[in-house]
There are 2 protein chains.
Amino acid sequence: MESKDLKQVGLKATIPRLKILKFLEESDVRHMSAEDVYKALLESGEEVGLATVYRVLTQFESAGLVARHHFEGDHSIFELNDSEHHDHILCVKCGRVDEFVDEVIESRQAAIAREKGYSMDDHALYIFGVCSDCQQKK
Amino acid sequence: MESKDLKQVGLKATIPRLKILKFLEESDVRHMSAEDVYKALLESGEEVGLATVYRVLTQFESAGLVARHHFEGDHSIFELNDSEHHDHILCVKCGRVDEFVDEVIESRQAAIAREKGYSMDDHALYIFGVCSDCQQKK
DNA sequence: ACCTAAATGCGAAAGATTCTCATTTCTATA
DNA sequence: TATAGAAATGAGAATCTTTCGCATTTAGGT
Ligand SMILES: [Mn+2]
Ligand SMILES: [Mn+2]
Ligand SMILES: [Zn+2]
Ligand SMILES: [Zn+2]
């Protein structure tokens, strides 16, 4: 909810960065590819180079402003880091994405890392299925 | 452990397919990219086109002979489907991969899908961390 | 206002995967 | 066992996403 300032995270407040951040904050779609961001900006008349979109999103990720996901394996999906950590459940028919947090899973993951002798950095959990809407349509 | 026959899964028993399957069965490395498989076959004197490796691995996946993973987001990793379902914990330093099964997590995932109104097809869970070996080295 | 490092935009390049299509190989059937 | 036809292969072109190189522009401290 609290929009962090670019300078706070050590990034110069350039026009492209401000446009991209503003777009992420105001978009009602939470999960977007770099291409999605690029096209959306173009359509709203904001000109930002595609390479810059990629660069800036990566910088935002490093700065903790956005999270990167690999929902399908091919391209990266970004989302503004404005809420708690959460995992995702995705509809394989329509692409819908829902978010969830499960403390049981979180703690089991930590336990597994411990059991295996790993220090845990991060994790990715994706559940794939068919959402209720798509189940009815078929 | 039981090596299924190609014809059993509806695939013609061609030389390239037999070579790839045999390689997967005999390799001591369990998780490999298409490129890995291609190069390993080349080195052992078996000539199989790269495009064929990609095609065959995808066919094997459809047939249930192999599983495909997206460990890092970019390229696909394949493994022979000879054991129970399991998830993975990966070392971000050395690339080591360990496998685990956790019934608690499995059932929580099913519960979450139910709660969200999804019919669950599949899931992917990757834990990233630093393995015990790499922790000591640093 | 000026200077310099940092950032941008463009197109080229990269890496992974798929596609095209001429040629080869299975396999069912005669 | 010979043969026809469908299916599969191999080689390279094409595609897709992402990164790179570099000339030009910009932010921000002096
Ligand atoms: Mn999310
Ligand atoms: Mn495995
Ligand atoms: Zn759906
Ligand atoms: Zn390690």
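Just so you know, these numbers come straight off a predicted model, no measurement behind them.
The separation between B:Lys19 atom NZ and C:dT25 atom C1' is 13 Å, rounded to whole Å. For the pair B:Lys7 NZ and D:dA7 P, the computed distance is 16 Å after rounding to whole Å. Computed from coordinates, the B:Leu57 CG to C:dA16 P distance equals 15 Å when rounded to whole Å. Atom P of nucleotide C:dA7 and atom CG of A:Leu6 are separated by 11 Å, given to the nearest angstrom. In this entry the distance linking CZ of A:Arg55 with C1' of C:dA6 reads 11 Å, nearest Å. In this structure, the CG atom of B:Leu11 is 11 Å from the P atom of C:dT27, given to the nearest Å. For the pair B:Lys12 NZ and C:dT25 P, the interatomic distance rounds to 11 Å; values are reported in whole Å.
Between A:Ser44 atom OG and A:Glu26 atom CD the span is 10.0 Å, to the nearest 0.5 Å.
Counting any heavy atom pair closer than 4.0 Å across all strands shown, B:Arg17 reaches sugar-phosphate atoms only and no base atom.
Nearest-nucleotide assignment on DNA chain C puts the 5′-proximal partner with B:Arg68, out of B:Thr14 and B:Arg68.
Checking the phosphate oxygens (OP1, OP2) of D:dT17, no side-chain nitrogen or oxygen of A:Ser76 falls inside 4.0 Å. For B:Tyr54, no side-chain nitrogen or oxygen approaches OP1 or OP2 of C:dT18 to under 4.0 Å.
Residues A:Ile112 and B:Phe100 come closest through the heavy atom pair CD1-CE1, 3.5 Å. Nearest heavy atoms, B:Ile77 versus B:Ser33: CD1-N, 3.8 Å.
Listed nucleotides D:dT18, D:dT9, C:dT8 differ in distance to B:Pro16; the shortest reach to its side chain belongs to D:dT9. Set against C:dA16, D:dT17, D:dG28, the side chain of A:His75 has D:dT17 as its closest nucleotide.
Here A:His70 pairs with nothing under the side-chain hydrogen bond (donor to acceptor under 3.5 Å, both in side chains) rule; sequence neighbours left out.
Here the two rings, on A:Phe71 and A:His88, have centers that are under 6.0 Å apart.
Between A:Arg108 and A:Asp102 there is no salt bridge, since none of the side-chain N atoms of the basic residue sits less than 4.0 Å from a carboxylate O of the acidic one. Between A:Arg30 and A:Glu99 there is a salt bridge, since at least one side-chain N of the basic residue sits less than 4.0 Å from a carboxylate O of the acidic one.
Using a 4.0 Å cut-off on heavy atoms, the residues of residues 30-52 of chain B that approach DNA chain D are B:Glu47, B:Val48, B:Gly49, B:Ala51, B:Thr52, listed by number.
Linking ILVMFWY residues whenever their side-chain heavy atoms come closer than 4.5 Å, directly or via other members, leaves A:Val97 and A:Leu24 in distinct clusters.
Taking five base pairs at each end of the helix from C:dA1-D:dT30 to C:dA30-D:dT1, the local helix axes there meet at an angle of 30°, rounded to 10°.
When only modelled atom types and interatomic distance are considered, A:Ser119 and A:Arg114 share no side-chain donor-acceptor pair under 3.5 Å.
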